[in-house]
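Heads up: the structure comes next, in structure tokens.
Atoms within each ligand, like the ligands themselves, are counted from 1 in listed order.
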Amino acid sequence: MKRLAIIGSGDLGQQIAYYAETDKQYKVVGFFDDFTPKGALVKNIPVLGKIAEIEEAFNNNVFDVILIGIGYKHIEFKSNIYKKLKGVIPFGKLIHSSVIADESAIIADGVVIYPGCLIDAQVEIQENSLLNVAVTVAHDTKIGAHSFLSPRVALAGFCAVGEKNILGINSTVIDNITTVNNVQLGGGTVLINNIEKEGLYVGNPARFIR
Ligand SMILES: CC(=O)SCCNC(=O)CCNC(=O)[C@H](O)C(C)(C)COP(=O)(O)OP(=O)(O)OC[C@H]1O[C@@H](n2cnc3c(N)ncnc32)[C@H](O)[C@@H]1OP(=O)(O)O
């Protein structure tokens, strides 16, 4: 079993550790976190050091692969860390065993998919994105890198979500919709038109708020 280290020992990092262990996909050996002291135990898992110490730990054979457990409030940071470590440290992938993913779906490195998601044929989920519980992604839809999909997001077919998109709980996107990078949808938003300007959108139909 591969040894996993997780960046971020907060709630999201702890959830990833929980699924990695209980779903028997990885042995979680520790967290890297700039705000929790080295040696501290978080849910019985040690903090191995700060983010700047990841490369040295990898070279010392402390872990095999890494995942990022940083939430949607720090999405820029999450994407920057990924870009910095890509090609230097191998990224893992965590697709919970309860996920139904068609064999034609492409799921990139660094992606985390929580229980109960449905990923249809010819879907592409780009690197470092996270799908929370019960997300449905219909056929031929693409999710841009570093995005965060909250519980029960539903995307119809032939959509293309940009990078660093944050889709709020239960948001719904009809077929053939595209969004640019850095779009956020509030909970329950219904998207029926393409989004061409980054920012925060809410409501049904979605309206720009800032
Ligand atoms: C497992 C997990 O927990 S994953 C995380 C899941 N969490 C989510 O999905 C959170 C989604 N967040 C939201 O929906 C938030 O309301 C946000 C981010 C859209 C906006 O939050 P804030 O910046 O605090 O905005 P604020 O509450 O001031 O609202 C601004 C306006 O948008 C409206 N609004 C805010 N959220 C929504 C919404 N989801 N749907 C419709 N209208 C909304 C408000 O009524 C307000 O309208 P007004 O100016 O006409 O009075």
* Report, as yes or no, whether the 6.0 Å neighbourhood of atom CD1 on I209 holds more than 12 heavy atoms from other residues, nucleotides or ligands. => yes
* Is it the case that more than 12 heavy atoms not belonging to K142 sit under 6.0 Å from its NZ atom? -> no
* When the ring planes of Y19 and Y114 are compared, do they come out parallel, tilted or perpendicular, using 30° and 60° as the limits? -> perpendicular
* Asked: Parallel under 30°, tilted from 30 to 60°, perpendicular over 60°: which one fits the rings of Y82 and H146?
  -> perpendicular
Starting from [atom], what is the nearest protein heavy atom, named by residue and atom, and what distance separates them?
atom                    : value
atom 18 (C) of ligand 1 : Q184 NE2, 3.9 Å
atom 37 (C) of ligand 1 : V202 CG1, 3.7 Å
atom 15 (C) of ligand 1 : G186 CA, 4.9 Å
atom 20 (C) of ligand 1 : L200 CD2, 4.1 Å
atom 10 (C) of ligand 1 : Y72 OH, 4.3 Å
atom 45 (O) of ligand 1 : R207 NH2, 5.0 Å

Are any of the protein's heavy atoms under 4.0 angstrom from [atom], yes or no?
atom                    : result
atom 28 (O) of ligand 1 : no
atom 39 (N) of ligand 1 : yes
atom 42 (N) of ligand 1 : yes
atom 48 (P) of ligand 1 : no
atom 51 (O) of ligand 1 : no

* To do: Just do the salt bridge (charged side-chain N to carboxylate O under 4.0 Å, His left out) check on K164 and E198 with the steps written out, would you?
  => CA-CA 10 Å; K164 289 180 278 161; E198 67 178 46; over 6 Å; no
[X] side, atom [atom1]; [Y] side, atom [atom2] - distance, nearest 0.5 Å:
X    : Y    : atom1 : atom2 : result
I119 : S104 : CD1   : OG    : 11.0 Å
N59  : I54  : CG    : CD1   : 12.0 Å
I6   : Y26  : CD1   : OH    : 10.0 Å

* Check each of G187, S150, G188 against atom 13 (C) of ligand 1 and report the one with the nearest heavy atom. => G187
* **Best match, G71, P151, G203: closest heavy atom to atom 4 (S) of ligand 1** => P151
Show me which atoms of ligand 1 lie under 4.0 Å from any heavy atom of [X].
X    : answer
R210 : 23 (O)
G168 : 9 (O)
I169 : 8 (C), 9 (O)

* Should S147 and N165 be marked as a side-chain hydrogen bond (donor to acceptor under 3.5 Å, both in side chains) after you check the CA-CA gap, both sets of side-chain angles, and the distance that decides it? -> CA-CA 5 Å; S147 291; N165 274 214; 4.9 Å; no
* What do we get for I209 next to ligand 1 when only non-hydrogen atoms under 4.0 Å count, side chain, backbone, both or neither? -> side chain
* Asked: ligand 1 versus N132, non-hydrogen atoms closer than 4.0 Å: side chain, backbone, both, neither?
  -> side chain
* To do: Answer yes when D34 and K50 have at least one side-chain N-carboxylate O distance shorter than 4.0 Å, and no when they do not.
  => no
* Validate the cation-pi geometry between K43 and Y18: distance from NZ or CZ to the six-membered ring centre under 6.0 Å, angle to the ring axis within 45°. => no
